[in-house]
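Read through the structure below, which is laid out as structure tokens, and then see the notes.
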Amino acid sequence: MTMNPDPKLQSVIATDDQYYLQAFGRRTPLCIDHGSGVYLYDTAGKRYLDMIGGIAVNVLGHAHPALTAAIAEQAGKVIHCSNYFYNEPQARLAQQLGDLFGDGRVFFNNSGAEANETAIKLARGYFFKKGQPRAKIVTAMQSFHGRTLATATATGQTKYSAPFAPLPDGFVHIPYNDVTALEEAVDDNTCAVMLELIQGESGVHPASIAFVDAAVAACHRTGARLIIDEIQTGVGRTGKFLASQLYSIKPDIVTLAKGLAGGVPIGVAIANQETATGFTPGDHGSTFGGNPLACAASLAVLETLEKGHLIQKAAGLGDHFREKLQELAETSGQIHEIRGAGLMLGIELKEPIAAEVKGRCLDAGYLIGSVGTHTLRLLPPLIIERAEIDAFVTDLGQVLAEVAST
Ligand SMILES: *Cc1c(COP(=O)(O)O)cnc(C)c1O
């Protein structure tokens, strides 16, 4: 990665160094100014093809006219009114999400972690209300469920929770895709099994069908609630509205966030009727959750996805992307494995060069993600087109060749 000489960037970095809590450390040296479609522009005017999409958030890219108009129109009416009162965008979005899930009931939050907190509380509340409280929640190692205390504890990576002990009780972690461990862990004291169908944050690792089927069966056997965290896989990312549809399963609770309002903060837990009995009036709440601004933005996202057939397109684009990457794997010899579904892709490299490849892609005008030393992560907006994917794969080949020759 070459030094970025942008003076605005240097001044923003200096201010961040001094004032921002150093939870991110030094970030990618890029100060975003604005975006348009699949492109982002930095404060020096350089254009980048956005292949990370705000980590699966910007499903409609940047400054999409339909989303921008919906936000502006709602902002001109009312942004917030509290949940003391009804608002129509909230009711309409609840209906659409409940129907997409299938006879579901929803609760809105402002983020993924909060949606998972809602799911955890709802599952515990469900058994409490039945007069048979259950504590245990089984989750997978290498999972990612958020940064609040409960969701960081649910997350199967101790680096995210250990410094913040004491942690909430009841969370048990099993190896991902280990059917036997799952069957042994889930018992009559198990309140919920909580899983991602494709682990995103730890490097795009799909669940095996056998593992998911075993989770469904174990929940069926014990009555435990199946919570599927679709915060990253949901909203069309994998070529279906929910990745649960790829696995032909119907969880008791699904959580969504990231792409749901195209960048306006929102989170939702959607539960079936039975599980929804876990909350009665007064049990849960959120000041901002379900506010008309976020809900209007989300309604515009869902309408735009539908009108443009963008979810079906994401499935086709994902297949095309994988084929192109597979060809590159054969010609370059540097790619170990390509994983994922739809427009959620991980490229595992043979050598520990992920950070260097990411830096050179930045120089070449592409924003990509990396996980650890070996994996590249791609989560482009669903409005991306074939020509942009093809250009990226060609230039990634160039970058891999450069890195190989150094
Ligand atoms: C991003 C993510 C979360 C956390 O969402 P936040 O909005 O950052 O709280 C939880 N689960 C999964 C699978 C995620 O990808």
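As a basis for the values below, the full set of heavy atoms in this structure was taken, side chains included, without hydrogen atoms, waters or symmetry mates. This is a predicted model, so every value here is computed, not measured. Numbering of ligands and ligand atoms starts at 1, following listing order.
By the definition of a contact as any protein heavy atom under 4.0 Å away, atom 8 (O) of ligand 1 is not in contact.
For Glu402, the CD atom sits in a packed shell: over 12 heavy atoms of surrounding residues, nucleotides or ligands are nearer than 6.0 Å.
Residue-level proximity to ligand 1 for Ala113 is carried by backbone and side chain together, each with a heavy atom below 4.0 angstrom. When non-hydrogen atoms are compared, ligand 1 lies under 4.0 Å from the backbone of His145 (N, CA, C, O) but not from its side chain.
Within the listing of ligand 1, atoms 7 (O), 9 (O) sit less than 4.0 angstrom from a heavy atom of Ser111. Ligand 1 places these atoms under 4.0 Å from at least one heavy atom of Glu196: 13 (C). Listed by number with element, the atoms of ligand 1 under 4.0 angstrom from any heavy atom of Gln232 are 15 (O).
Going from atom CD1 of Ile389 over to atom CG of Leu343 covers 6.0 Å, rounded to the nearest 0.5 Å.
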Check: Checking side chain to side chain donor-acceptor pair (under 3.5 Å) for the pair Thr180/Glu183: CA distance, chi angles, key distance, verdict?
Finding: CA-CA 5 Å; Thr180 312; Glu183 283 168 348; 5.2 Å; no

Check: For Phe288 and His80, what are the C-alpha separation, side-chain angles and deciding distance, and is it a ring pair (Phe, Tyr, Trp, His ring centres under 6.0 Å)?
Finding: CA-CA 7 Å; Phe288 292 123; His80 177 83; 5.8 Å; yes

Check: Can Thr233 and Glu196 be said to form a side chain to side chain donor-acceptor pair (under 3.5 Å), step by step?
Finding: CA-CA 8 Å; Thr233 55; Glu196 295 157 273; over 6 Å; no

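Between Lys8 and Asp33 there is no salt bridge, since no side-chain N of the basic residue sits under 4.0 Å from a carboxylate O of the acidic one.
Relative to atom 13 (C) of ligand 1, the option among Ile198, Leu197, Leu195, Asp229 with the closest non-hydrogen atom is Asp229.
Remark: side-chain polar atoms of Glu388 are paired, donor with acceptor, to backbone N or O of Glu385 under 3.5 angstrom.
Protein heavy atom in closest approach to atom 2 (C) of ligand 1: Lys258 NZ, 2.5 Å. From the protein, the heavy atom lying nearest to atom 5 (O) of ligand 1 is Gly112 CA, 3.4 Å.
In this structure, Glu201 has no heavy atom closer than 4.0 Å to ligand 1.
In terms of polar-atom proximity, defined here as any N/O pair under 3.5 Å, Gly146 makes no such contact with ligand 1.
The aromatic ring centroids of Tyr176 and His205 lie 6.0 Å or more from each other.
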